[in-house]
Amino acid sequence: MPSEVDDTLKRLSNRKGVKGVVILNGDGQAIRSTLDPELTVKYGRLISSLVQQTRTTISTLDDQNDLTFLRVRTKKHEIMIAPDREYLLIVVQNPAETMQA
Amino acid sequence: MPSEVDDTLKRLSNRKGVKGVVILNGDGQAIRSTLDPELTVKYGRLISSLVQQTRTTISTLDDQNDLTFLRVRTKKHEIMIAPDREYLLIVVQNPAETMQA
Amino acid sequence: KSEEFRDLTEEERKMIVSTPEFLDFVDTSSKVVERALNEKYDFMKDYTLGVDVESDES
Amino acid sequence: KSEEFRDLTEEERKMIVSTPEFLDFVDTSSKVVERALNEKYDFMKDYTLGVDVESDES
């Protein structure tokens with residue numbers, strides 16, 4: 001039920017501090033996104049390649065191990081990334097807004 | 001006072017669930033490590049290159065932005081990485097042990 | 001980096017979005033993210049690396 | 001990846017470890033990590049991506 005998916009995304013993106021939600025396939029192509037098209041493509045390309053490298057790093061350190069979640073904290077926001085074998089959920093949030101007030 | 005540094009590292013590495021603590025310089029060379037030498041070199045090389053790529057990713061998305069903290073959650077453990085311009089603190093922990101019991 | 005980067009077509013998106021694998025993924029991953037968003041305490045709130053702010057409320 | 005990867009010498013380590021920049025770094029970064037370790041609630045505890053476990057305690 002696609003509308004279920006869209007409800008979930010709407011709920012996520014309405015959370016305080018959440019700036020954007022993107023779902024990518026394994027090639028970094030967007031299936032859903034609340035960011036503008038240009039930024040979506042940028043995130044798709046860069047974040048999926050970062051996840052790729054992180055996966056490689058983890059399995060090089062221990063070939064029995066695998067990435068399950070990635071949190072990139074930056075000066076401006078936090079990027080949360082939930083990967084599985086096929087898809088990638090990216091949520092960009094501003095922790096200050098979530099936490100304060 | 002170097003002994004202050006070693007006290008801090010000992011306190012960190014004695015925390016429940018903490019498997020290892022490594023401090024690297026900007027070239028991925030270990031300044032301090034509680035991991036065995038082979039694993040230390042592996043972590044040094046791989047994690048510092050991962051941090052490099054993450055930094056590049058972040059500044060490509062927004063050149064006013066910068067990485068402040070990185071958490072890599074894996075099937076087996078979580079790797080926490082605190083970078084600054086010069087050094088890198090890596091803490092490997094087993095969240096299950098920290099949280100449960 | 002200048003390689004072709006094609007957007008998915010509307011039909012391709014529709015097809016993916018209707019698979020059980022995709023629905024499962026959205027369900028599980030969104031729950032994990034919501035839980036992470038629920039963390040009330042921001043461990044970095046009072047710190048900026050390189051700038052030390054004293055504050056201890058553990 | 002097969003390039004030379006030299007360990008620091010004991011003297012080099014000693015020199016770094018005695019600089020104020022390094023002491024500041026260890027102080028600040030260790031506090032951030034300790035706070036992260038203090039998080040009582042593990043947002044992934046009941047979830048493995050791909051395996052859905054029902055449990056809601058918000």
Side-chain angles (χ1 to χ4, degrees), chain A residues 1-18 21 23-33 37-38 40-42 44-46 48-49 68-71 73-75 78-100, chain C:
Chain A
M1 241 156 275
S3 77
E4 214 181 274
V5 168
D6 293 318
D7 287 351
T8 303
L9 292 191
K10 188 177 280 181
R11 198 174 63 239
L12 266 185
S13 59
N14 283 340
R15 292 286 304 252
K16 209 156 126 186
V18 170
V21 179
I23 303 184
L24 304 174
N25 70 7
D27 298 321
Q29 296 167 305
I31 298 163
R32 284 286 186 276
S33 175
E38 202 194 332
T40 298
V41 170
K42 243 178 148 184
R45 204 182 294 208
L46 291 164
S48 65
S49 127
T68 55
F69 202 74
L70 185 61
R71 302 176 81 162
R73 187 67 174 257
T74 70
K75 254 176 20 191
E78 180 171 25
I79 307 175
M80 296 185 178
I81 304 160
D84 80 352
R85 303 143 304 285
E86 195 61 31
Y87 307 108
L88 221 61
L89 172 66
I90 303 172
V91 174
V92 183
Q93 70 145 338
N94 182 340
E97 281 182 42
T98 322
M99 306 294 166
Q100 284 154 11
Chain C
K1 252 149 199 194
S2 56
E3 84 205 20
E4 203 57 42
F5 201 84
R6 185 178 68 76
D7 278 344
L8 293 175
T9 64
E10 198 46 53
E11 293 75 54
E12 289 173 317
R13 289 202 176 100
K14 260 192 196 138
M15 219 155 67
I16 294 171
V17 164
S18 63
T19 63
E21 289 75 25
F22 184 79
L23 296 175
D24 269 3
F25 168 74
V26 170
D27 189 49
T28 308
S29 61
S30 67
K31 277 177 187 162
V32 173
V33 168
E34 290 214 68
R35 284 176 167 230
L37 289 171
N38 279 338
E39 285 168 350
K40 274 173 203 77
Y41 183 59
D42 182 7
F43 69 97
M44 286 194 76
K45 195 173 150 206
D46 298 324
Y47 291 101
T48 311
L49 282 174
V51 182
D52 197 343
V53 180
E54 263 316 311
S55 160
D56 204 313
E57 52 210 74
S58 60

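Predicted, not measured: the structure shown is a model, and the values here were computed from it. Below, chain A is the first sequence line, B the second, and so on; all start at residue 1.
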Check whether the side chains of A:Asn25 and C:Arg13 place a donor and an acceptor atom closer than 3.5 Å, and report yes or no.
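Checked: A:Asn25/C:Arg13 side chains show no N/O donor-acceptor pair below 3.5 Å.
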Less than 4.5 Å to any heavy atom of chain C: does that hold for the side chain of A:Ile31, its backbone, both, or neither?
both
Let me know if A:Ile81 has heavy atoms under 4.5 Å from chain C in its side chain, its backbone, both or neither.
neither
Side chain to side chain contact (heavy atoms under 4.5 Å, CB included) for A:Arg32 and C:Val17? Distances and angles first, verdict last.
CA-CA 9 Å; A:Arg32 284 286 186 276; C:Val17 164; 3.8 Å; yes
To the nearest 0.5 angstrom, please state how far the CD atom of A:Glu86 sits from the CD1 atom of C:Ile16.
8.0 Å
Would you mind checking which part of C:Thr19 comes under 4.5 Å of any heavy atom in chain A, side chain (CB onward), backbone (N, CA, C, O), both or neither?
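For C:Thr19, side-chain heavy atoms alone lie under 4.5 Å from chain A.
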After noting the C-alpha distance and the side-chain angles of C:Leu37 and A:Met80, does the key distance pass the side chain to side chain contact (heavy atoms under 4.5 Å, CB included) rule?
CA-CA 9 Å; C:Leu37 289 171; A:Met80 296 185 178; 4.2 Å; yes
In terms of heavy-atom pairs under 4.5 Å, which option from A:Val21, A:Leu9, A:Leu12 contacts chain C the most?
A:Leu12
Can you label the angle between the A:Tyr87 ring and the C:Phe22 ring as parallel, tilted or perpendicular, going by 30° and 60°?
perpendicular
If only atom types and distance count, is the side chain of A:Gln29 paired as donor or acceptor with the main-chain N or O of C:Arg6 below 3.5 Å?
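Judged by distance alone, yes, a pair lies under 3.5 Å.
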Could you pull out the closest heavy-atom pair between C:Ser29 and A:Leu89, with the gap in Å?
OG-CD2, 3.5 Å
